[in-house]
Amino acid sequence: MARYGMVIDTTKCVGCQDCVIACQTENNVPDGFCRDWITTEAKGKFPTIEMEIRTERCNHCTDAPCVSCCPTGASHYHDIGGVILVNHDECIGCKACIASCPYDARYVHPEGYVDKCTFCIHRVEKGEDPACVSVCPTHCMHFGDLDDPNSKVNKLLNSRNHHSLLPEAGTKPNIYYLK
Amino acid sequence: MNSLSRRRFLKITGTTFGSVVAVSTLSSVVKGAKKVDEKVIGNASKGIQKIPTYCDVCFWKCGAIAYLKDGKLWKIEGNPDDPLSNGRLCPRGTGGIGAHFDDQRLKTPLLRKGKRGEEKFVEVTWDEAFEYIAKKMKKIKADYGPESMALFSHGVGGAFLKHLMKAYGTPNLTAPSFAQCRGPREIGFELTYGDVVGSPERTDIKNSKCLVLIGSHLGENMHNTQVQEFAEAIEKGASIITVDPRFSVAAGKSKFYLPIKPGTDMALLLAWMNVIVNEKLYDDEFINKYAFGFEQFKYEISEYTPEWAYIETTIDPELIRETAREMARYKPATLIHPGRRTTWYGDDTQRSRAIALLNALMGNWGKKGGFYNPYNVNVPGYPYPEYPKSEKGAADNPHHKYPFAEGEKLSTGLRDATLTENPYPIKGWFVYATNLTQSLPNTQETIDAIQKLDLMVVVDVVPSEIAGWADVVLPETVYLERYDDLNTAMFRESFVSLRQPVVDAPNDQKPNWWIAKQLANKLGLQKYFPWKNVEEYLDTRLKSAGLSLAELKKKGVIKGQPEPIYNDANNEPEFYTPSGKIEFYSHQLKEAGFDPVPKYIKPEQPPAGYFRLLFGRAPIHSFSKTQSNKYLSDLMDENELWLNADVAKRYGVKNGEYVKLKNQDGVVSSKIKVKATERIRTDCVYMVHGFGQRSKMYRKTFNKGASDSQLITKYKTDPIMGGTGMNVNFVTFEWET
Amino acid sequence: MNEITTTRHNHLIDPVLHAWSWEIPIYLFLGGMVAGMMLISGYFLFKGRHKEENCSCYYLPYISIVLLSIGMFVLFLDLEHKLYVWRLYTTFQITSAMSWGSWILVLVYPILFASVLLRPPKFITDKFPIVEKWRNDFLEKPSWIKYLGVLTMFFGAGIGLYTGVLLSSLGARPLWSSSILWLLFLISGLSGAAAFVHVIAKDAYERMLLAKADNAFLIIELFVIALFIIGLKTATEVQASAADLLLVGKFASSFWVFVIGLGIVIPLFIQLLAVNHKIHHTPLAPLMVILGGLILRFVIVSAGQHSHWFALN
Ligand SMILES: Nc1nc2c(c(=O)[nH]1)N[C@H]1C(S)=C(S)[C@@H](COP(=O)(O)OP(=O)(O)OC[C@H]3O[C@@H](n4cnc5c(=O)[nH]c(N)nc54)[C@H](O)[C@@H]3O)O[C@H]1N2
Ligand SMILES: Nc1nc2c(c(=O)[nH]1)N[C@H]1C(S)=C(S)[C@@H](COP(=O)(O)OP(=O)(O)OC[C@H]3O[C@@H](n4cnc5c(=O)[nH]c(N)nc54)[C@H](O)[C@@H]3O)O[C@H]1N2
Ligand code: SF4
Ligand code: SF4
Ligand code: SF4
Ligand code: SF4
Ligand code: SF4
Ligand SMILES: [Mo]
């Protein structure tokens with residue numbers, strides 16, 4: 001079975017937030033909220049500084065605490081690509097999943113249910129890339145099947161150093177960052 | 001400057017489309033072109049509708065496709081057929097739909113009620129507004145002559161108003177994009193190569209093996225193609241050298257980061273050239289063939305050793321040598337980026353010339369990875385009647401005070417003329433899409449000039465600062481709601497692209513072409529507007545190039561015949577300089593009393609307790625024009641003050657705390673949030689331009705963050721071409737009391 | 001020097017998670033109290049103390065029902081999508097502590113009602129004489145009452161540990177990812193309940209017994225807290241820094257002063273004097289214990305949301 005994920009080249013990302021705005025328009029994210037965001041990490045002392053800029057979002061974890069803690073089953077593994085989705089009319093808004101997400105990837109939609117990145121499954125099912133991936137002016141984001149050894153994402157992972165966020169949290173995140 | 005006119009002659013000989021058929025096949029081989037061709041216009045009521053146009057959130061003019069869902073504007077994406085966007089817009093373009101939804105927009109024409117700048121207006125009809133303007137313009141023409149009207153207009157939208165003003169009879173048309181922006185660079189290159197860099201820049205970034213960024217903060221500066229090519233270069237493993245007092249985003253991508261002392265770049269450039277010449281690392285063959293005055297140049301720069309430069313720049317001499325050799329290693333695919341807003345210290349034309357010469361040493365003119373030769377398509381202009389001749393001539397540069405102020409008019413020059421009435425009075429300003437209180441240095445001078453006017457018209461989309469000073473404010477439709485003129489910019493590919501309306505204007509806003517045509521009628525200039533409407537105008541132009549509006553409305557962008565963009569044996573470069581060569585030594589400059597070879601001038605240093613005020617771009621904002629766009633302001637609704645972390649500690653300023661800034665002339669800014677960071681030198685502070693706006697009508701942006709413009713009371717004018725160096729102001733902190 | 005900046009700015013999430021405010025701590029506190037009371041009244045039933053006229057097992061069920069209902073209402077108040085609350089009961093999610101909790105609560109009510117049957121309120125027996133008959137059948141079968149006692153204790157313990165597991169099952173918050181949070185909440189619930197019953201008990205023996213028991217519970221609670229802290233400190237770096245939130249950080253004052261000092265040590269001291277007849281019993285100490293238990297829930301819930309896997313600030 002496919003396991004969708006992202007491989008993001010931090011050497012190219014400039015932190016422009018195009019991915020954030022594209023997500024907001026594509027998915028009508030309510031004003032003031034975001035499903036993806038930019039984290040900038042600058043280590044060192046001027047002028048010797050190491051900087052990594054990352055575009056972050058739900059990691060669509062393989063062991064997703066947000067799913068296991070959900071009392072209604074609203075948070076679930078989608079049968080395509082193991083994408084983590086929230087069923088709006090099963091969600092009671094108890095926020096357990098929010099408290100359970102080490103990445104703070106979720107938020108309460110003004111309409112009451114919990115919302116987050118969907119990997120743009122509505123586009124992916126039509127064979128398109130997620131909105132954030134297809135807008136990125138630096139082409140630094142790649143979306144694909146991590147279980148397919150011939151996929152672009154896997155080729156990148158095999159050929160370059162990479163890391164994921166908080167592997168120690170034990171959620172098996174499916175977004176990787178190339179260094 | 002004769003070289004200029006010669007260049008322009010070459011400029012107008014653009015390519016043609018050949019047969020339209022050839023073109024459409026050409027454009028449909030482009031990946032994704034199919035998607036665009038399928039586009040169906042009409043039946044706005046149901047389903048998804050895609051309408052191509054081009055973006056106007058900045059001046060790059062990226063081809064885009066707007067999506068409507070059930071007739072309502074949904075999103076906008078890049079047009080895959082467009083060589084500027086390659087199907088991907090920058091964040092401002094993607095958020096551009098916010099301009100249509102902006103709840104702060106001007107809705108109807110306004111007529112001033114109170115004093116100028118009090119922002120007291122009454123709503124009037126378009127006809128009343130035009131009557132008022134026409135009456136005043138006729139009087140100005142009668143009393144002073146047509147030259148006493150000036151047009152400040154930035155961006156393609158102004159095309160029809162420019163035409164109107166030329167028809168009215170004034171040569172005084174300007175924009176802040178020359179004397180406050182690219183001017184020094186263009187003149188520096190003009191003097192050296194006899195040609196300009198142009199916009200979009202002719203930089204072959206994506207093929208550069210070594211890219212040197214001097215200030216150019218690509219990634220924050222979001223000029224789309226530049227950033228896309230920058231990323232491509234990174235992917236290909238280009239060696240990047242960034243020179244910036246601030247650890248910019250680009251610095252984070254660089255192999256070498258040179259944390260230069262602000263204002264000393266000339267010293268670094270001279271030292272680099274010194275090393276390259278002494279170690280004979282330059283492109284010998286290229287220099288022998290195309291260089292003029294190389295021996296004098298060699299002699300002049302011999303004194304500028306890296307050890308000397310170290311004292312000025314604080315850059316380690318070994319690092320200077322190492323980076324010089326790094327550049328030479330990859331020549332001619334080494335590009336020293338010429339920058340864009342080069343109006344820094346008042347010696348900017350000479351600095352740009354030094355950059356031009358360093359590039360020449362790399363022999364990269366017309367070479368892959370250097371400067372390519374741009375070209376465009378030839379879409380003839382509309383056959384208008386002759387404009388009236390002005391015997392007075394333009395007022396921006398009396399007695400050629402700035403001998404090489406060529407190509408464009410000096411905005412600040414027209415401001416001076418308005419203030420001093422020299423060479424003659426300027427009594428009316430027509431301001432289109434330029435927020436002069438933000439974009440011209442020393443806001444007070446701008447306001448004093450405005451106070452001397454008989455007529456001040458502002459065409460804007462929101463109640464901007466400058467609109468607050470107008471007698472008449474005309475509300476324009478935003479770019480998503482109107483036609484504008486065609487874009488046939490010179491680039492690495494030739495193309496023509498169309499801006500067309502994708503949604504209706506929400507209120508009584510009108511497009512600039514309509515405004516110009518209506519006003520022409522009132523002024524009795526009908527004969528200059530023979531076309532019925534803008535569609536007819538556009539179709540006429542396109543037909544004369546073998547195309548049609550109908551076709552362009554579908555495609556959005558149509559490419560011309562491909563042409564070679566690099567020089568080779570049977571296609572030698574030409575230089576439109578007096579010597580016909582690359583002028584390492586410039587007699588033109590010598591004769592005008594300037595250094596024929598660039599020299600270093602020590603910049604003035606901040607007094608104790610003061611810091612040099614630097615400023616630049618944020619990727620999600622354009623100058624002062626996007627602050628009320630909900631998509632963009634949601635991500636950044638105020639600017640921050642970058643302050644070195646150690647300095648912050650020393651001054652007891654906490655990260656996230658608000659301070660005010662006071663400059664050397666005692667001007668105090670509105671409060672700004674401190675970003676205490678390791679990413680900047682200790683002798684300067686930095687903020688993003690465009691914030692801290694003080695238009696009370698413009699509630700959402702009122703005093704959000706601080707305005708660099710407000711603190712730029714001092715500026716150093718470039719004696720060569722009149723550019724206004726603006727990085728020469730010093731600030732210190734003030735705490736709220 | 002490590003500068004980390006993020007552009008995320010979501011309501012309830014940033015700058016630090018505060019998705020749960022007062023509702024959840026109250027709910028956990030009431031849950032704990034009910035748990036404690038059920039353990040106590042269950043124990044009395046098991047011991048057959050219902051023969052005693054004033055046995056607290058006659059009124060604790062009433063109080064439990066009331067507190068439990070308030071607790072569930074408060075929980076309901078916290079839901080963001082209230083109209084869909086019924087979704088809790090169209091499914092059972094075996095991995096979800098909250099799902100377990102909501103089902104346990106459903107089972108707890110019948111048991112509490114059953115104990116109410118031991119001495120149903122008069123207006124009911126007047127209306128439905130049949131209830132009176134059930135009661136008598138019931139009282140004739142001591143074994144049934146023993147079973148009821150066991151069930152009551154069992155489910156009481158269930159609720160008690162559930163209130164802890166609810167948090168510790170949310171792996172994302174270092175402070176909560178402790179294997180003994182359930183024990184802490186259970187014992188704190190017990191001490192709170194014991195203190196409460198000690199005050200309201202009519203029966204002198206029970207009052208004395210519970211005072212003694214409460215002291216024991218408080219001493220154990222101190223140990224459990226120590227274990228809890230040591231556990232975190234000796235685990236990962238992030239868990240250690242999470243513990244520091246309580247020991248030295250943002251929540252240190254409320255933790256040391258209200259939870260440990262006024263909530264456990266001082267009342268323990270007072271009650272030790274009291275049980276050794278050095279001073280008279282007053283409701284003061286028990287009240288402090290109960291409030292201490294309440295504040296403990298607030299501290300753990302808020303500090304937990306502050307604690308984060310990213311070793312930020
Ligand atoms: N202090 C300081 N000054 C600078 C700069 C700086 O960095 N700092 N940068 C310089 C540079 S590089 C440049 S290019 C210039 C740019 O200077 P400007 O071209 O003046 O740019 P803005 O300040 O964005 O002003 C644009 C104005 O146009 C209005 N506008 C937006 N869209 C439309 C439209 O569709 N129709 C009409 N009619 N109006 C519209 C906006 O509301 C705003 O008032 O500034 C220069 N001046
Ligand atoms: N997102 C976005 N992108 C834009 C624009 C926008 O409004 N928004 N505007 C566009 C326009 S018109 C222009 S002209 C460009 C302008 O953008 P650029 O030409 O790239 O940058 P500048 O405004 O010249 O200078 C800003 C950078 O120079 C550095 N700097 C300041 N002083 C010195 C110095 O003395 N020496 C050196 N080496 N560096 C220094 C600053 O730290 C900062 O990184 O941006 C274009 N791109
Ligand atoms: S759009 Fe691309 S480059 Fe810009 S921030 Fe997002 S990932 Fe980075
Ligand atoms: S990132 Fe958070 S929300 Fe997304 S799957 Fe992992 S735990 Fe769930
Ligand atoms: S908030 Fe909704 S999705 Fe999250 S756990 Fe509760 S019910 Fe499940
Ligand atoms: S994948 Fe789609 S939903 Fe997720 S962040 Fe990107 S655009 Fe937003
Ligand atoms: S660079 Fe960005 S803002 Fe400028 S035209 Fe292109 S998309 Fe629009
Ligand atoms: Mo500019």
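Chain naming here is simple, since letters A, B, ... match the order of the sequence lines and numbering starts at 1 in each.
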Next item on the list: Below 4.5 Å from any heavy atom of chain B, which atoms of Asn28(A) appear? Answer side chain, backbone, both or neither.
Entry: side chain
Note to self: I need the contact set between residues 33-46 of chain A and chain B: heavy-atom distance under 4.5 Å, sorted by residue number.
What the structure shows: Phe33(A), Thr40(A), Ala42(A), Gly44(A), Lys45(A), Phe46(A)
Around atom [atom1] of [X], are there more than 12 heavy atoms of other residues, nucleotides or ligands at under 6.0 Å?
| X | atom1 | answer |
| --- | --- | --- |
| Lys675(B) | NZ | yes |
| Phe101(B) | CZ | yes |
| Asn158(A) | CG | yes |

Pick from [options] with the largest number of heavy-atom pairs that fall under 4.5 Å of chain A:
| options | value |
| --- | --- |
| Asn644(B), Val227(B), Asn224(B), Leu635(B) | Leu635(B) |
| Glu220(B), Arg92(B), Arg679(B) | Arg679(B) |
| Glu678(B), Arg681(B), Gln228(B) | Glu678(B) |

For residues [X] and [Y], determine if any side-chain heavy atom of one lies less than 4.5 Å from a side-chain heavy atom of the other.
| X | Y | value |
| --- | --- | --- |
| Thr48(A) | Tyr257(B) | no |
| Asp634(B) | Ile21(A) | no |
| Arg88(B) | Val135(A) | no |
| His139(A) | Glu232(B) | no |
| Ile97(B) | Thr25(A) | yes |

How far apart are the closest heavy atoms of [X] and [Y], and which atoms are they?
| X | Y | result |
| --- | --- | --- |
| Pro137(A) | Met222(B) | CG-CE, 3.9 Å |
| Cys16(A) | Pro91(B) | O-CG, 3.3 Å |
| Gln24(A) | Tyr631(B) | OE1-CD2, 4.3 Å |
| Pro47(A) | Pro259(B) | CB-CG, 3.6 Å |

Side chain, backbone, both or neither of [X] within contact of chain A (heavy atoms, under 4.5 Å):
| X | answer |
| --- | --- |
| Leu632(B) | side chain |
| Leu89(B) | backbone |
| Thr314(B) | neither |
| Asn86(B) | neither |

Next item on the list: Output the distance between atom CD1 (Ile234(B)) and atom OG1 (Thr11(A)), rounded to the nearest 0.5 Å.
Entry: 6.5 Å
Check: If you measure from CD on Gln17(A) to SG on Cys90(B), what distance do you get to the nearest 0.5 Å?
Finding: 12.0 Å
Check: Top residue by heavy-atom pair count (under 4.5 Å) with chain B, among Thr138(A), Ile49(A), Ile53(A)?
Finding: Ile49(A)
Next item on the list: Find the one option among Ala22(A), Ala131(A), Cys136(A) whose heavy-atom pairs under 4.5 Å with chain B are most numerous.
Entry: Cys136(A)
Next item on the list: Decide salt bridge (charged side-chain N to carboxylate O under 4.0 Å, His left out) for Glu229(B) and Lys12(A); before the verdict, give the C-alpha distance in whole Å, the side-chain angles of both, and the deciding distance to 0.1 Å.
Entry: CA-CA 11 Å; Glu229(B) 293 198 10; Lys12(A) 289 170 75 185; over 6 Å; no
Notebook entry, point to check: So, the side chain of Lys253(B) versus the backbone of Cys13(A): is there a donor-acceptor pair under 3.5 Å, distance only?
Noted result: yes
Checklist line | Arg160(A) and Glu235(B) ion-paired at < 4.0 Å | finding: no
